[in-house]
> 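Quick one: the structure is below, and I'll ask about it shortly.
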Amino acid sequence: KGPALSAELQETSPYAVVQTTPIGTIAVGSEVLRTRSFTVPAGACPGGLSNPGASLSFKDFAGQQLLAADTAPLEILDVSAPTLSVVLSRDQLWPPDHQLEEVTATVTVTDNCDSAPAIVLVSITSNEPATGFLGNGDKGPDVVAAATGADDRAFSLRSERGTGKDNTGRVYTVTYRATDTSGNASEQTATVIVPTSNSKK
């Protein structure tokens with residue numbers, strides 16, 4: 001109900017930097033527009049920046065001090081998946097004596113926003129059937145104590161493989177997944193082989 005006198009605009013950036021600009025008098029029915037811009041860093045994470053806002057302090061015609069303020073929601077999205085590496089304690093099993101051998105995994109994961117992404121063992125597969133493939137001496141199961149869907153980094157694999165002329169050795173493929181708090185996920189595999197001959201003599 002009257003002009004805004006001695007108006008002063010105060011803007012707060014997402015970095016909590018405050019900028020104050022004198023506006024002066026704003027007549028009834030008129031509009032004053034001020035534009036500010038800011039850059040969101042490439043490495044910004046959800047929750048890392050505050051909502052930008054602005055307030056206008058002014059006096060009415062009777063000299064009463066008044067304030068109008070508002071903020072704008074700022075949503076920062078994390079769209080980068082974690083970086084994952086998997087190293088197994090053994091990459092070859094020998095001799096092929098049908099015995100179970102313990103294997104442990106060292107899983108290293110980094111993420112730009114989540115300091116501790118969730119890690120799970122996705123699967124352990126073999127290029128040969130578990131049983132009924134090798135003939136005499138064939139045993140099963142070939143993968144023991146592997147809790148898929150959990151952060152399991154120790155399990156046992158059977159040291160055996162096919163011996164036919166077309167066999168190239170058994171390959172166990174171990175797959176892990178890392179998922180950050182924003183739901184971004186990446187997978188990495190490592191292998192353990194049971195060769196047709198001992199290549200590490």
> Taking D78 for its side chain and S80 for its backbone only, find out whether a donor-acceptor pair lies under 3.5 Å.
yes
> Would you list the atom pairs, donor with acceptor, under 3.5 Å between side chains in residues 49-71 and any protein atom, with sequence neighbours excluded?
from, atom 1, to, atom 2, distance (Å)
S50, OG, P14, O, 3.1
N51, OD1, L74, N, 2.9
D60, OD1, A62, N, 3.1
D60, OD1, G63, N, 3.0
D60, OD1, Q64, N, 2.7
Q65, NE2, F58, O, 3.3

> Considering only residues two or more places apart or on different chains, which pairs with a residue in residues 2-11 satisfy side-chain hydrogen bond (donor to acceptor under 3.5 Å, both in side chains)?
E11-R36
> For E160 and K139, work out which heavy atoms get closest and say how close.
OE2-O, 3.0 Å
> Looking at S159 and L93, what are the two nearest heavy atoms and their distance?
OG-CB, 3.6 Å
> Can you name the closest pair of heavy atoms from Q188 and S85 and give their distance?
CG-CA, 4.2 Å
> If you look at every heavy atom in A185 and A81, which pair is closest and at what distance?
O-CB, 3.5 Å
> Going by side chain to side chain contact (heavy atoms under 4.5 Å, CB included), name the residues that satisfy it together with V79, two or more places apart in sequence or in a different chain.
L77
> Going only through I, L, V, M, F, W and Y residues with side-chain contacts under 4.5 Å, is there a path from F155 to L100?
no
> Strictly distance-based, threshold 3.5 Å: is any side-chain N or O of Y172 a donor or acceptor partner for the main-chain N or O of R158?
yes
> Show every salt bridge (charged side-chain N to carboxylate O under 4.0 Å, His left out) that has at least one partner inside residues 173-186, sequence neighbours left out.
R177-E187
> What closest approach, in Å, do N127 and V171 show between heavy atoms, and which atom pair accounts for it?
OD1-N, 2.7 Å
> Which residue pairs pass the side-chain hydrogen bond (donor to acceptor under 3.5 Å, both in side chains) test when at least one of the two sits in residues 99-115, sequence neighbours left out?
S89-T104, R90-E101
> Can you tell me which residue pairs pass the disulfide (SG to SG under 2.5 Å) test with a partner in residues 43-127, sequence neighbours excluded?
C45-C113
> Who pairs with S13 by side chain to side chain contact (heavy atoms under 4.5 Å, CB included), at least two apart in sequence or on another chain?
Y15, V17
> Of all heavy-atom pairs between V192 and Q92, which one has the smallest distance, and what is that distance?
CG1-N, 4.1 Å
> If hydrophobic clusters are built by linking Ile, Leu, Val, Met, Phe, Trp and Tyr wherever their side-chain heavy atoms come under 4.5 Å apart, do V120 and V107 end up in the same one?
no
> With the 4.5 Å side-chain cut-off for hydrophobic clustering, are L9 and V32 part of the same group?
yes
> Kindly write out the residues that satisfy side chain to side chain contact (heavy atoms under 4.5 Å, CB included) with A118, not counting sequence neighbours, or none if the list is empty.
none
> Answer yes or no: is there a side-chain heavy-atom contact under 4.5 Å between N167 and E128?
yes
> Got a list of side-chain donor-acceptor pairs under 3.5 Å for residues 142-154, not counting sequence neighbours?
from, atom 1, to, atom 2, distance (Å)
D142, OD2, R170, NH1, 3.0
D151, OD1, R153, NE, 2.7
D151, OD1, R153, NH2, 3.3
D151, OD2, R153, NH2, 3.1
D152, OD1, A154, N, 3.2
D152, OD2, A147, N, 2.7

> Just jot down the side chain to side chain contact (heavy atoms under 4.5 Å, CB included) partners of S37, sequence neighbours excluded, or say none.
none
> Are L157 and L88 grouped together when hydrophobic residues (ILVMFWY) are joined by side-chain heavy atoms under 4.5 angstrom apart?
yes
> Kindly indicate whether the side chain of V28, heavy atoms from C-beta on, has any atom under 4.5 Å from the side chain of P3.
yes
